[in-house]
Amino acid sequence: MITKTELASKYDPSAIERETYQRWIDAGLFSASPESDREPYVIVIPPPNVTSVLHMGHGLNNTLQDVLIRYQRMRGREVLWLPGTDHAGIATQNVVERQLATEGTSRHDMGREAFVERVWEHVHRTGGTILEQLKAIGSSCDWSRTRFTLDEEYSRAVRRVFVDLYHQDLLYRGYRVIHWCPRCHTSLSDEEAEFRERDDHLYYIRYPLADGDGTDGLLVATTRPETMYGDIALVHHPEDERFGHLAGKSVILPLANIPIPVETSAYVEQDFGTGMLKVTPAHDPHDFEIAAELAGEYDTPVVIDADARMVDDPRVPEGVRGLDRDAAREKTIELLEAAGLLEKIEPYRHAVRHCYRCHTVVEPRLSDQWFVKMKPLAEPALQAYRQGRLRFVPERWGKVYENWLTEIRDWNISRQLWWGHQIPAWYCEGEGCEHVTVAMEAPASCEKCGGAVHQDEDVLDTWFSSWLWPFATMGWPERTVDLGRFYPGHTLVTAPDIIFFWVARMVMAGYHFLGERPFSTVYLNGVVRDPQHRAFSKSLGNGIDPLDAVERYGADALRYTVVAGAAAGTDVIMDRDEMDGTFAAGRNFANKLWNMGRLLLSAVSDESPEPGSLDAAQFELADRWILSRCQRVVAEATDALERYRLNDAASLVYHFVWDELADWYLEQIKPRLYGAIPGGDVASAIVVHVFQTALRLLHPIVPFLSEELWQHLPGEREPLLAAAAWPTPQQAFIDGEAEDQFARVQALVTAVRTVRAEYGVPPGAEVRAFARPANAEALQAFNAEQRTVERLAKLSRLTLEEHPEEVGAHQVLPDGSSVFVPLGDAIDVQQECERLAGELERMDKQLTGVAAKLGNQQFITRAPADVVERERDKERSWREQRETLADKLRTLGC
RNA sequence: GGGCGAAUAGCUCAGGGGUCGAGAGCGCCUGCCUUACAAGCAGGAAGUCGGGGGUUCGAAUCCCUCUUCGCCCACCA
C-alpha cells in the first residue's frame, strides 16, 4: 500500500531523474538473467562510435530502443538490452590525428605504440561520456554486459573469425587495384568509397600511330590524363568497325614515347568518347581487369604513389615527377597541348569516389590487401529475407538490403591504420619462403620453414569487428550461457545508412558462425536533420547535444518529442537555434503530467480501491465514459506498439491523457473530489485507476516522470512502475453507450462555450441553454447528468423546451441538432450591439483602405507580387470577418 | 543509367479508397492569472492535400504523367 505524498509545485526534471534512475539500478531491473524462465527479448545496441560523444541522432535511436525494451519488460519478457561502443577505426584515428596536428605533432612523430596509447586516452574519455549520455536519457541497458569492440575477449572473437574464414577458403590475400585514400593513407572498401557528383573535364588525347607519319593517331577520351604515363595499351570493342584495321598495330604513348599496342576488349562502350580506351592497369580497377584478360604479359606500371604524387620514373616526364595528381594533370595538359596532341577539352560531370571519412577523392591503387569472399556468405542472408525470417520496418528497406546482397562483391578488410585489430597473419622472413601463417596467437616461427616471422602491420576494417556484435558480445566463440539464452535476438533498431556496412553483414555472420539470424526485425529510424535538411555533423556544428536538451527540458521531454516526431523511417527535423520550439511538445506534456499528478495528490483519497470492486450503480456518465475510453486506449496503444507505430502510440496516449482525462474528466470530477457534491470516493477511485493505467502506457516513452508520479500515487500496486505489468483492456468497462452520450454532452458544452466566446458573455455570467427537440436524447442525458457540466461552462439550467423567442444565438451541433442560448440575461445587448457596430465600422474603414489600394493600377503593377497577394488575402479575411460581425448584429436584433 | 522516397495549414509533420465537408504540435488571433498547470484554460482563423489526366458511385488516399526537392545503387573511361 502506497500512501500518497505531495509533489513539488514546480516540475523540475533534474530533481527526479538521477534519483529515479538509481532506483531502477538498485532494483537490478536492467540486468538480464539467463536463468529466468521468462521468454527473452533481446536488442543489441548499435554501438556508438567512440569518435565523439552522442548527438540527437543517437538520442532518437536509443530512445526508440528503450521504448521497445521497456514495453517488453512490462509485458513480462526477460529483457536484455546489450550496450557498448565501437572503436571506429579510421574515424577515431582521424580525430586523434587532427588533435595531434593542432599540437604540432603527428602519429609518425610519436610512433605506433605511443599513438595507440594516445587514442586509448581519447576513447576512454568519449566512451565514458557516451555511456553517461545513454543513462541520462533513461536507457535501460544491462550495464553489466557493456562491451567495446576492442576488448580483449571481443578481439579474440575477431581473430577467430579471421582464422576460420581463412581456413574455410572464404578469406584471402589479393593483389589488385583497391580504393585508396591518399589523405588517410589507407585502403577502403567499396562501401567506404562513396560516389559524389563532380564537375570535371573530358580530355581528348591523340596517340600517334607507331608506324604513322606523326600527323595521324588515335583519339582517346579520358578524365584522368595524368594517369596516361601508366598506360600499357589502347583498347576498342572487338566489333567496332571503325577500328577493325588496327589489328596488330601500335601507338606511341605521348610524352613517355613508349610504343603500346592496340588491343580489343568487350568491356569498351563504343558510344562513349571516341570508342577507344586507354588501359592503365595500376590506376584503375577496371583497367586492371581488362589488362588481366588481354593476351600476353603486361606490366602494371605505377606512376602515382601513396600520397597521390607522380613517381620518379622514366615514364613520367621530368617536369611532372613529384607533382600531386591535380598539378600533374594541369602540367600534362600543358605538355600535350605544346606537342599538338590535345584535340579538345569538354566539360564533364560524373560521379567520383570519395573517402567516406575525409571526403578526399579516392585514388585507385594497386596493392596487397585481404578480402572476404562474400557470395557464399550472402546466400543465407538473402534467403532469410526472401523467406520472411527477416523483416524490415518500413518494408521498403528490405529491397535495398536484397539488392545489395544480390550484387555483392568481395570485401576488402585490411586497412593501413594503427587503430584497430591488427591482422593475425605472420609473414616468413626466411630466404625464399613466402609462407603466411594465419593464427589466433603469434607463432614463434614460420610454420613451414621455421624462419623468423613478422606480423602484418595492417589492421582490420572496423566493420569486420562490428559484424560480429550480436554474438561476440555474448562471449562467442565460447558456448556461453548468455549465448544459449539470448541469441538470436529480436529487434535491431538502426539508421538506414548502415544497412550495407552493418545490418547485412551481421546477418551474414550470424548465419555463418551460429547458423541462425541475429534478429528477426530491423526497425529503421530516420535521420535527425537541421532545418536545411542537412544531417547533423560536427563540422557543420548544427547538432544538438542530448545532454543539453536533457538539462533544459528533461529526458522525458526529449524522449516524447523524438518518439512522437518520428514515424518509422521518416527523418526528424530539429533546430538548435529554436530549442524551445523543437522540444515544446515534450516539455509541455511533461509539465502537464506533473500538474495532473499534483491535482490528484491534493484531492484524491488514500483509499482508492479498484473500480471493479465498487458499486457500478454509483457511477456517473463521466465515470463510465472515462473508464471505457481508457480501455480503448490501452488496446489501441498496445496495438500500435506491436506494429512498431511508436509515434502513434505516443500521440494516442498523449491525447487521451490531455484532451480527455485532463480537460474533461478531471474538470468534471472536481466538485466531487473537493466535496462540494457527493461521490468523491467513486471519482477518486476511478481517476486513480485511469491515471495509473495511463502511467503504465506512458512509461516506455516518459519513464522518469511516470515512475515518479507512480511513486506518489496511493493504492495497492507494484512498487516500481518500470517493473509493473503492461495493462490489458478490461472488457467490463467498455461502454459504447456512455461514450456516445458523453460525446453529445461534449458537443453541447462546446456549443455553449462557443456562443459565450463569440458574444462576449462575461466569464462570471450564467447562461441558460435550450435545445431543439431533435436533440432530446442528448438533453435527457444532459439533464440527468447535471453535475457532468457543473464546472464546465457555468451552465446552471438546461431544460428540454422549445426555445422562447428572445434574443440569443443558435449553435449547430455535429449531429445536426442545435442549441439555443438566450443572451438577454447574460449580456447587455445594447452595449454589445454598440461594440459590434463599432467593430463593423472599423472593419469597413479598413476594407475601404484595402479596396483603394487594390483599385490602384500603379500599386498592382509596381508592387512585388507577394505584397499584392498579401493585400488580397487581407481583404478576403476582413470581408469574412465583416460578414461574421453582420451576422452577430442580426442575431442580437440590433 | 537504374531504383527509392518526399511534396498536406506560416513552420515541422501525421493520415494512404467512404469514418477526412482534412488532422496534430508549434506559431497566429480573441477572451481568461477560474485555488493542478499562463509550459495553462476556453474559443477561433488558417489548407483548390505540388500541377494535369485517368480508374471509381466515391480519390489527399489507387493508376499514368509532369514539375520540384532528397536519398540510394551503378565498372561509359
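Lettering follows sequence order; numbering is per chain, from 1. Heavy atoms only: backbone and side chains are in, while hydrogens, waters and symmetry mates are out.
Using a cut-off of 4.0 Å between Lys/Arg side-chain N and Asp/Glu carboxylate O, A:Asp12 and A:Lys10 are scored as not salt-bridged. Contact check on A:Glu343 versus A:Arg206 returns a salt bridge, with a Lys/Arg side-chain nitrogen under 4.0 Å from an Asp/Glu carboxylate oxygen. Salt-bridge formation is not detected for the pair A:Arg365/A:Glu363: no Lys NZ or Arg NE/NH1/NH2 atom is positioned less than 4.0 Å from an Asp or Glu carboxylate oxygen. Comment: A:Glu346 engages A:Lys344 in a salt bridge, judged by a side-chain N to carboxylate O separation of less than 4.0 angstrom.
A donor N or O paired with an acceptor N or O is found under 3.5 Å between the base of B:A36 and the side-chain atoms of A:Lys670. Within 3.5 Å, no donor on the side chain of A:Glu667 pairs with an acceptor on the base of B:A42, nor the reverse.
Judged by the 6.0 Å and 45° rule, A:Arg176 forms a cation-pi pair with A:Phe371.
If you take atom C1' in B:A14 and the same atom in B:U55, they sit 27 Å apart, rounded to whole Å. For the C1' atoms, the distance linking B:A60 with B:C32 amounts to 37 Å, nearest Å. Using atom C1' as the reference point in both B:A45 and B:U30, the two lie 10 Å apart (nearest Å). Taking atom P on both nucleotides, B:G15 is separated from B:U61 by 15 Å, rounded to a whole Å.
Across all strands, A:Tyr654 comes closer than 4.0 Å only to sugar-phosphate atoms, never to a base (heavy-atom distances). At a threshold of 4.0 angstrom between heavy atoms, the contacts of A:Ala584 are confined to the sugar-phosphate backbone, with no base atom among them. A:Arg529 comes within 4.0 angstrom of no nucleic acid atom, judged by non-hydrogen atoms across all strands.
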Legend entry - Pair pattern of RNA chain B in dot-bracket, where unpaired bases get dots and | marks partners in another strand, Watson-Crick or G-U under 3.5 angstrom: ((((((((.[[[[.)..(....]]]].(((((.......))))).....[[[[[..)....]]]]])))))))....
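Residue-to-nucleotide proximity on RNA chain B shows that, of A:Gly275 and A:Glu191, the 5′-proximal contact is made by A:Glu191. Mapped onto RNA chain B by nearest heavy atom, A:Asn403 and A:Ser9 fall at different nucleotides, with A:Ser9 at the one closer to the 5' end.
Residues that satisfy the side-chain contact (heavy atoms from CB on, under 4.5 Å) test with A:Asp575, not counting sequence neighbours, are A:Pro531, A:Asp577, A:Glu578, A:Thr582. By the side-chain contact (heavy atoms from CB on, under 4.5 Å) test, A:Ala650 is found to be paired with A:Tyr560, A:Val563, A:Ala564, A:Ile701, residues two or more places apart in sequence or in another chain being considered.
Of the candidates B:C37, B:G25, B:A77, the closest approach to any side-chain atom of A:Asn595 belongs to B:C37.
OP1 or OP2 of B:C41 sits under 4.0 Å from a side-chain N or O of A:Lys592.
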Distances under 3.5 Å between protein N/O atoms and the N/O atoms of nucleotides 27-31 of chain B, please, pair by pair.
none

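Below 30°, between 30° and 60°, or above 60°: for A:Phe500 and A:Trp404 the angle between ring planes is below 30°, a parallel geometry.
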Inset, instruction - Report, as a single string ordered 5' to 3', how protein heavy atoms within less than 4.0 Å touch nucleotides 3-9 of chain B: B base, S sugar-phosphate only, - not at all. - result: -SS----
Throw together a table of side-chain donor-acceptor distances under 3.5 angstrom for residues 281-292 of chain A, partners on residues two or more places apart or in other chains.
from: A:His283; atom 1: NE2; to: A:Val303; atom 2: N; distance (Å): 2.9
from: A:His283; atom 1: NE2; to: A:Ile304; atom 2: N; distance (Å): 3.3
from: A:Asp284; atom 1: OD1; to: A:His286; atom 2: N; distance (Å): 2.8
from: A:Asp284; atom 1: OD1; to: A:His286; atom 2: ND1; distance (Å): 3.2
from: A:Asp284; atom 1: OD1; to: A:Asp287; atom 2: N; distance (Å): 3.1
from: A:Asp287; atom 1: OD2; to: A:Thr280; atom 2: N; distance (Å): 2.7

